[in-house]
2 protein chains.
Amino acid sequence: MEPEILELESFLPYRLYRLADAVSREFSKIYRDRHGLTRPEWRTLSGLGQRGTMTATALGEQSAMHKTKVSRAVAELERRRWLTRTPDENDRRVEHLALTKAGLAAYCEMVPLAKAFEGELLERMSAAERVAIVSSVAALEGALEGK
Amino acid sequence: MEPEILELESFLPYRLYRLADAVSREFSKIYRDRHGLTRPEWRTLSGLGQRGTMTATALGEQSAMHKTKVSRAVAELERRRWLTRTPDENDRRVEHLALTKAGLAAYCEMVPLAKAFEGELLERMSAAERVAIVSSVAALEGALEGK
DNA sequence: CCAAACTTGTTTCATTTGTAACCATTGAAA
DNA sequence: TTTCAATGGTTACAAATGAAACAAGTTTGG
């Protein structure tokens, strides 16, 4: 009997991973070249810039990072004096993180670059494709939920 | 002036990466639990199963892996006696890789599991969404090309 | 023919990552 | 209360990764 074949190039998990990896790699050049940030550091900066003040746990949830990544990213941004920690008054295990002026400046510099990157990508697609990518990513996320 | 905000949760590179990571992680359980394979090893097995015989360079191109990943994955599969190397007759730098009986058996066991995984995901989406995900991933890949 | 440039594939080293153990603190139960 | 499980966060260790140097072989241009 013929062995059943899997075509890797069109296998969804592979396809998706390769695309995301390529996009992420391309985008990472921006924050790497600009500020020497790693992806966890960029996400941390981004999360705090967006929300203002967050705990490490909240950061991990928002940006889908393991707590060790968060811990290390926060440590590095603190070393740069891009963020400060404020102990919670009621629960002494918790720290509230917030960007300093320098951190906020870096964030404000990055935001337009990030939007421009995303814009350039979307610009090269038709309007229908733009809708399709957003909605089908959501659909697939939903499909994965139940597994 | 208000600082411009980036909403990470809907930022395409993040969105895409998170989805691909989740899908890949879920799928990786299958080859990890079953055979203790890493992702590069799985891709190598998959490439050779699909194509029969390939060089390391070809494997890297097909499955978007850095040559060091290929090198290490091949070494591990060889250690397991899942593949053999045959020196090229004309160019002694090149080795042709092929699965052994044991390697092929593992591949044949994995293929239906992989297809079932993909099928279960797609099954949870509407027909329109299935079309949309495939075509919009292709469109985005195309858009990234030109960058 | 021969040196320089290039290709294939491996190895080395530094960095990044994930797992698990860990510390400190809190909340809940006995 | 006192103990025990759960939580927030860090650290230690092992594995995975990427960049760059490398060895071996091949091609090309003078």
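So that the names make sense, note that chain A is the first sequence line, chain B the second, and so on, each numbered from 1. Note: hydrogens, waters and symmetry copies are ignored here, and every other heavy atom, side chains too, is used. Note that this is a predicted model, so its numbers are computed, not measured.
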Under-3.5 Å N/O pairs linking protein and nucleotides 17-21 of chain D:
residue: D:dG18; atom: OP1; partner: A:Arg25; partner atom: NH2; Å: 3.1
residue: D:dG18; atom: OP2; partner: B:Lys69; partner atom: NZ; Å: 3.4
residue: D:dG18; atom: N7; partner: B:Arg72; partner atom: NH2; Å: 3.0
residue: D:dG18; atom: O6; partner: B:Arg72; partner atom: NH1; Å: 3.4
residue: D:dG18; atom: O6; partner: B:Arg72; partner atom: NH2; Å: 3.2

Nearest whole angstrom, please: distance from the [atom2] of [N] to the [atom1] of [X].
X	N	atom1	atom2	answer
A:Arg85	C:dA24	CZ	C1'	15 Å
B:Asp91	C:dC6	CG	P	17 Å
A:Asn90	C:dG27	CG	C1'	14 Å
B:Leu37	D:dA15	CG	P	17 Å
B:Arg92	C:dT8	CZ	C1'	13 Å
A:Met65	D:dG9	CE	P	13 Å
B:Trp42	D:dA16	CH2	P	18 Å
B:Glu95	D:dG25	CD	C1'	12 Å

- Counting only non-hydrogen atoms, which of residues 51-59 of chain A are less than 4.0 Å from DNA chain C? none

- Message: Side chains of B:Arg39 and A:Tyr17 only: does a donor on one sit below 3.5 Å from an acceptor on the other?
- Response: yes

- Gap separating the SG atom of B:Cys108 from the CD1 atom of A:Ile5, nearest 0.5 angstrom: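 Reported value, rounded in 0.5 Å steps: 7.5 Å.
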
- Message: Regarding B:Asp88, tell me which of base, sugar-phosphate or nothing describes its non-hydrogen contacts under 4.0 Å with the strands shown.
- Response: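 No contact at all - B:Asp88 keeps every heavy atom at 4.0 Å or more from the nucleic acid.
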
- Query: Are B:Asp33 and B:Lys29 close enough, and set up right, to give a salt bridge (charged side-chain N to carboxylate O under 4.0 Å, His left out), and what steps lead you there?
  - Reply: CA-CA 6 Å; B:Asp33 292 356; B:Lys29 288 180 190 165; over 6 Å; no

- Given the rule in the salt bridge (charged side-chain N to carboxylate O under 4.0 Å, His left out) test, do A:Glu78 and A:Arg85 qualify, once you have shown the distances and angles that lead to the verdict? CA-CA 8 Å; A:Glu78 183 186 32; A:Arg85 308 175 191 242; 3.1 Å; yes

- How about B:Trp82 and B:Tyr107: are their ring centroids closer than 6.0 Å?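 No, they do not, as the ring centres are separated by 6.0 Å or more.
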
- Give a yes or no on whether the ring-centroid distance for A:Phe27 and B:Phe11 is below 6.0 angstrom. yes

- Query: Between B:Arg80 and B:Glu76, is the closest basic N to carboxylate O distance under 4.0 Å?
  - Reply: yes

- B:Glu141 and A:Arg18 ion-paired at < 4.0 Å: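 Salt bridge present between B:Glu141 and A:Arg18.
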
- Among A:Thr100, A:Thr84, A:Leu97, A:Leu83, find the residue that satisfies the side-chain contact (heavy atoms from CB on, under 4.5 Å) test when tested with A:Leu77.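 Output: one option passes, namely A:Leu83.
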
Extract from the structure each pairing of a protein N or O with an N or O of nucleotides 4-7 of chain D at less than 3.5 Å, listing the distance.
residue: D:dT7; atom: O2; partner: A:Arg93; partner atom: NH1; Å: 2.6

- Is there a salt bridge (charged side-chain N to carboxylate O under 4.0 Å, His left out) between B:Arg72 and B:Glu41 once you walk through the steps? CA-CA 8 Å; B:Arg72 294 189 258 241; B:Glu41 286 156 18; over 6 Å; no

- Query: Going through the distances and angles, do B:Arg34 and B:Glu109 end up as a salt bridge (charged side-chain N to carboxylate O under 4.0 Å, His left out)?
  - Reply: CA-CA 10 Å; B:Arg34 206 83 176 186; B:Glu109 186 194 336; 2.5 Å; yes

